[in-house]
*Asks:* 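The structure under discussion is supplied below as structure tokens; questions concerning it will follow.
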Amino acid sequence: MITTIALVAFVAAACAWMGKRAISDHRAILAQRRRLLDEASTLFPDARITFAPDQFPILTSRLEDGRQVRVELLADTMVTRRLPQLWLRVTLSELRECSRPAIGALARPTGAEYYSLVHDLPEWMAPPDTDTSLLMRGDGRATAWQVERAATMFRSLFSDPGVKEAVIAPRGTRVIRHAAQGERAAHLFLRQIRFAVVTISADLVSKAVVEAKSLSEALAAGESTIPVYEAA
């Protein structure tokens with residue numbers, strides 16, 4: 001009888017300890033997650049950080065010319081036969097809508113990229129030759145010159161395997177880059193999403209911002225007036 005009581009007490013204590021430890025670990029993970037963009041915030045004097053429902057930080061600020069930049073982190077568990085991926089998404093919003101079409105490219109498309117703008121564009125385009133598979137689509141308003149110019153930009157941009165998506169649109173541009181990969185043990189044994197990264201480097205964020213600015217300028221000059229469907 002005493003042995004049974006002792007065993008029950010031990011099991012109860014063990015369960016209580018594991019529960020307390022799980023809560024403590026979860027809180028630590030969330031606290032670490034909330035600090036991921038702290039280093040990047042030093043790039044912008046007026047940076048403001050808010051938090052998504054999953055507690056990943058969202059950084060917003062303005063460039064010297066007044067355009068808004070928004071930096072987000074996306075945890076992607078929809079990948080097939082791979083560990084969860086953490087994506088860095090940088091969106092540059094123009095001060096006013098530009099007279100340019102929407103054109104974008106997505107690397108290694110699977111159809112499960114819930115965050116992708118390229119999947120929403122209706123017109124399929126021939127992608128540039130690169131070492132990685134590319135899906136290139138547009139809204140159907142691009143001229144031949146704009147398609148050629150965008151393809152040239154994408155060929156250069158996607159030579160870096162860390163780039164996942166690049167989009168030029170009338171209201172802004174967007175670049176998505178790989179930030180981190182999930183921890184194997186936490187995902188396989190505990191089905192948890194943990195990323196072995198304590199901060200997203202300012203260099204990576206700065207690089208993505210520069211790329212978004214380059215995309216913004218890509219179709220700004222030298223435009224042909226021949227619609228692509230007429231040139232075909």
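This one's a predicted model, so the numbers in the text were calculated from it and none came from an experiment.
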*Asks:* Side-chain contact test, heavy atoms from C-beta onward, threshold under 4.5 Å: evaluate it for Val209 versus Leu92 and give yes or no.
*Replies:* no

*Asks:* Side-chain contact, heavy-atom cut-off 4.5 Å: Leu215 with Met153?
*Replies:* yes

*Asks:* From Arg174 CZ over to Glu211 CD, what is the distance, rounded to the nearest 0.5 angstrom?
*Replies:* 15.0 Å

*Asks:* Would you say the side chain of His178 lies within less than 4.5 Å of the side chain of Lys164, judging by non-hydrogen atoms?
*Replies:* no

*Asks:* Does some side-chain heavy atom of Ile200 sit less than 4.5 Å from a side-chain heavy atom of Leu73?
*Replies:* yes

*Asks:* State whether the side chain of Asp76 and the backbone N or O of Pro84 hold a donor-acceptor pair below 3.5 Å, judged by distance alone.
*Replies:* no

*Asks:* Is it true that a side-chain atom of Ser206 and a backbone atom of Asp203 form a donor plus acceptor pair closer than 3.5 Å?
*Replies:* no

*Asks:* Does a side-chain N-to-carboxylate-O contact under 4.0 Å join Arg177 and Asp160?
*Replies:* yes

*Asks:* Measure across Leu204 and Ala179 and return the closest heavy-atom pair with its distance rounded to 0.1 Å.
*Replies:* CD2-CA, 4.3 Å

*Asks:* Are Phe44 and Thr60 packed together at the side-chain level, in the sense that at least one heavy-atom pair is separated by less than 4.5 angstrom?
*Replies:* no

*Asks:* Take Thr42 and Glu39 through the test side chain to side chain donor-acceptor pair (under 3.5 Å) and record every step on the way to the result.
*Replies:* CA-CA 6 Å; Thr42 61; Glu39 180 181 326; over 6 Å; no

*Asks:* Less than 4.5 Å apart, any side-chain heavy atom of Leu106 and any of Leu134?
*Replies:* no

*Asks:* Got a salt bridge between Glu123 and Arg137, using NZ or NE/NH1/NH2 to carboxylate O under 4.0 Å?
*Replies:* no

*Asks:* Sub-3.5 Å donor-acceptor pair from the side chain of Thr173 to the main-chain atoms of Ala212, do we have one?
*Replies:* yes

*Asks:* Does Arg89 make a cation-pi contact with Tyr115, if we ask for NZ or CZ under 6.0 Å from the ring centre and within 45° of the axis?
*Replies:* no

*Asks:* Salt bridge between Arg100 and Glu94, side-chain N to carboxylate O under 4.0 Å?
*Replies:* yes

*Asks:* I'd like to know whether Arg70 forms a salt bridge (charged side-chain N to carboxylate O under 4.0 Å, His left out) with Glu72, so could you lay out the CA-CA distance, the side-chain angles of the two residues, the decisive distance to 0.1 Å, and finally the verdict.
*Replies:* CA-CA 7 Å; Arg70 181 181 174 94; Glu72 302 167 272; 3.4 Å; yes

*Asks:* Kindly indicate, with the supporting measurements, whether the criterion side-chain contact (heavy atoms from CB on, under 4.5 Å) is fulfilled by Gln85 and Gln181.
*Replies:* CA-CA 5 Å; Gln85 303 295 308; Gln181 180 166 273; 3.1 Å; yes

*Asks:* Using only heavy-atom distances, determine whether the side chains of Arg33 and Gln55 contain a donor-acceptor pair under 3.5 Å.
*Replies:* no

*Asks:* Taking Glu148's backbone N and O only, do any of them form a donor-acceptor pair with Thr152's side chain (distance below 3.5 Å, no angle check)?
*Replies:* yes

*Asks:* Looking at side-chain heavy atoms only, is the closest gap between Glu165 and Val118 below 4.5 Å?
*Replies:* yes

*Asks:* Is the shortest heavy-atom distance from the side chain of His119 to the side chain of Glu113 under 4.5 Å?
*Replies:* yes

*Asks:* Look only at the side chain of Ser214 and the backbone of Val210, and say whether a donor-acceptor pair between them is shorter than 3.5 Å.
*Replies:* yes

*Asks:* With side chain to side chain donor-acceptor pair (under 3.5 Å) as the criterion, how do Thr132 and Arg108 come out once you've worked through the C-alpha distance, each side chain's angles and the decisive distance to 0.1 Å?
*Replies:* CA-CA 7 Å; Thr132 187; Arg108 302 171 296 279; 3.3 Å; yes

*Asks:* I need the Arg34 CZ to Leu36 CG distance, nearest 0.5 Å.
*Replies:* 11.0 Å

